[in-house]
Amino acid sequence: MSDTILRVENVTQRFGGLTAVNGVSMEIKKGEIVGIIGPNGAGKTTFFNDITGVYTPTEGKIYFKDKDITGMKPFEITKLGMARTFQNIRLFYRMTVLENVMVGMHSRTKSNLIDSVLKTSKYNNAEIEAKKRALEVLELTGLADYRYNYATSLPYGLQRRLEIARAMATNPDVLLFDEPAAGMNEEETSDLMKFIRDLKGYGYTIILIEHDMRLVMNICERIYVLDHGSLIAEGIPSEIKSNPRVIEAYLGKGVQ
Ligand SMILES: Nc1ncnc2c1ncn2[C@@H]1O[C@H](COP(=O)(O)OP(=O)(O)O)[C@@H](O)[C@H]1O
Ligand SMILES: [Mg+2]
């Protein structure tokens, strides 16, 4: 197998007359941390939705581990080893931290509805396995001590980390984060940066959309820049910082 884990070819996403993503191609190598940046409305989240099966692209192809995943359902893509977080927090606040992680795993557990109603041994074994994996992930993310607390009791930075834990529980190879530092203060953002570097150390491939330029420039090995749905630049952070098209796209749009 090649060292390319994700290959996107000419993906276009139209909503009626609006072209949200316009002929975007990219190639992500195993183990990379890649950033996707661009002004608000550039099409970043829509692009993630295309890759993860929330939308089927109007045009183009997506290959994950050399398999054509274009048009597959989100749960099928999750099963192949891709997991994501969302721009807005999507936790279940009346569940504990542990339960929030386990909820994300049910597409991966092998028991079906009948098994779960009858509480068969297959169901019980799947539950035991799921709990074991969830606890492992909570250890890795530093959330183990909070496992029986309600999600709502966590400080904001840890709530966002819990979302990452939930994604990790599905045993992915690739993690996609949509603005993981949104709403974080400087200290929380620094913790997140360290944590994302740790994730790379565990072998994950990470693709992140982010507005916080300090985070993007510090941890991403390569960056793609979207503007009005089109890719306008690709390169290492120092190239992106000095790219005139990128600077122009951001002019007056409040990027530090
Ligand atoms: N489901 C949808 N239906 C119609 N328009 C959409 C939909 N999702 C996103 N858009 C539009 O697509 C464009 C890109 O949005 P989005 O991908 O959210 O941008 P970003 O994440 O870069 O801020 C915006 O103009 C947005 O209004
Ligand atoms: Mg977005």
Q) Any side-chain heavy atom of Asp212 sitting closer than 4.5 Å to one from Leu192? A) no
Q | Main-chain N/O of Pro39 paired to Lys44 side chain as donor or acceptor, under 3.5 Å | A | yes
Q | Hydrophobic cluster (4.5 angstrom, side-chain heavy atoms) - remaining members for Tyr55 | A | Phe15, Leu18, Val54
Q: Go through the structure and list residues passing salt bridge (charged side-chain N to carboxylate O under 4.0 Å, His left out) with Glu163, not counting sequence neighbours.
A: Arg166
Q | Distance in Å, Ile69 CD1 paired with Thr56 OG1, rounded so as to fall on 0.5 Å steps | A | 10.5 Å
Q | Heavy-atom closest contact (Val24 atom, Gly229 atom, distance) | A | CG2-O, 3.4 Å
Q: Tell me whether Leu162 is reachable from Tyr202 by hopping between hydrophobic residues (I, L, V, M, F, W, Y) whose side-chain heavy atoms are closer than 4.5 Å.
A: yes
Q: Enter the distance from Met184:CE to Leu215:CG here, rounded to the nearest 0.5 Å.
A: 9.0 Å
Q: Kindly work out whether a path of hydrophobic side-chain contacts (I/L/V/M/F/W/Y, heavy atoms less than 4.5 Å apart) joins Leu140 to Ile33.
A: yes
Identify all side-chain donor-acceptor contacts of residues 130-138 below 3.5 Å with residues at least two apart in sequence or on another chain.
| residue | atom | partner | partner atom | Å |
| --- | --- | --- | --- | --- |
| Arg133 | NE | Asn171 | OD1 | 2.7 |
| Arg133 | NH1 | Glu136 | OE1 | 3.0 |
| Arg133 | NH2 | Met168 | O | 3.2 |
| Arg133 | NH2 | Asn171 | OD1 | 3.2 |

Q.
Please report the interatomic distance CD1(Ile77) to OG1(Thr170), rounded to the nearest 0.5 Å.
A. 12.5 Å
Q. Do Ile232 and Glu248 come within less than 4.5 Å of each other through their side chains, counting heavy atoms only?
A. no
(Q) Test of understanding: with salt bridge (charged side-chain N to carboxylate O under 4.0 Å, His left out), list the residues that count as partners of Lys200, not counting sequence neighbours. (A) Glu221
Q. Got Thr85 and Leu176 here, is their nearest side-chain heavy-atom distance under 4.5 Å?
A. no
**Q.** Side-chain donor or acceptor of Gln159 paired with backbone N/O of Leu154 under 3.5 Å
**A.** yes
Q.
Whether the side chain of Thr205 engages the backbone of Gly31 through a donor-acceptor N/O pair (distance < 3.5 Å, no angle test) should be reported.
A. yes
**Q.** Test log, rule side chain to side chain donor-acceptor pair (under 3.5 Å), inputs Thr52 and Arg84
**A.** CA-CA 8 Å; Thr52 55; Arg84 72 176 288 185; 3.1 Å; yes
Q.
Closer than 3.5 angstrom, by distance alone: can the side chain of Thr78 be matched with the main-chain N or O of Ala83 as a donor-acceptor pair?
A. no
Q) Just by distance, do the side chain of Glu210 and the backbone of Gly35 share a donor-acceptor pair under 3.5 Å? A) no
(Q) Taking side chain to side chain donor-acceptor pair (under 3.5 Å) as the cut-off, I'd like each qualifying pair that reaches into residues 141-156, sequence neighbours left out, listed once. (A) Tyr156-Arg160
Q) Under 4.5 Å between side-chain heavy atoms, hopping through other hydrophobics if needed: is there a path connecting Ile236 to Ile28? A) no
**Q.** Smallest separation among heavy atoms of Asp227 and Ala249, with atom names
**A.** OD2-CB, 3.6 Å
Q: Please examine the side chains of Val21 and Thr12, heavy atoms only from C-beta on, and report whether any two atoms are closer than 4.5 Å.
A: no
**Q.** Separation between CZ of Arg14 and OG1 of Thr58, rounded to the nearest 0.5 Å
**A.** 6.0 Å
Q.
Pair Phe177, Ile196 - check side chain to side chain contact (heavy atoms under 4.5 Å, CB included), show working.
A. CA-CA 10 Å; Phe177 301 146; Ile196 293 176; 4.3 Å; yes
**Q.** Heavy-atom pair of closest approach, residues Ser25 and Asn10
**A.** OG-N, 2.8 Å
Q. Is it the case that one hydrophobic cluster holds both Leu143 and Phe195, taking links as side-chain heavy atoms less than 4.5 Å apart, direct or via other members?
A. yes
Q.
If I compare all heavy atoms of Ala169 with all of Val101, which pair ends up nearest, and what's the gap?
A. CB-CG1, 3.5 Å
Q. Does the side chain of Tyr224 come within less than 4.5 Å of Ile207's, by heavy atoms?
A. no
Q | Any pair counted as side chain to side chain donor-acceptor pair (under 3.5 Å), so long as it reaches residues 180-196, sequence neighbours left out | A | Ser190-Arg214
Q: Start with the C-alpha distance between Thr45 and Gln87, add both sets of side-chain angles, then the distance that settles side chain to side chain donor-acceptor pair (under 3.5 Å), and finish with yes or no.
A: CA-CA 8 Å; Thr45 296; Gln87 192 165 344; 2.9 Å; yes
**Q.** Leu6 side chain near Ile62 side chain, heavy-atom distance below 4.5 Å
**A.** yes
Q) Side-chain contact, heavy-atom cut-off 4.5 Å: Lys61 with Asp68? A) yes
Q.
Under the criterion side chain to side chain contact (heavy atoms under 4.5 Å, CB included), I'd like the reasoning laid out for Ile223 against Val246: C-alpha separation, chi angles, the key distance, then a yes or no.
A. CA-CA 11 Å; Ile223 298 168; Val246 177; over 6 Å; no
(Q) Any heavy-atom pair between the side chains of His211 and Asn40 that's under 4.5 Å? (A) yes
Q | Asp3 (side chain) donor-acceptor with Lys29 (main chain) under 3.5 angstrom | A | no
(Q) Minimum heavy-atom separation for Leu80 and Lys65, please, with both atom names. (A) O-NZ, 2.7 Å
(Q) Can you tell me how far apart CD1 (Ile206) and CD (Glu32) are? Round to the nearest 0.5 Å. (A) 11.0 Å
(Q) Quick check on the hydrophobic clustering: are Val34 and Tyr63 connected, directly or via other members, by side-chain heavy-atom contacts under 4.5 Å? (A) no
Q) Taking all non-hydrogen atoms of both residues, which atom of Ala233 and which atom of Ile240 are closest, and how far apart? A) CB-CD1, 4.0 Å
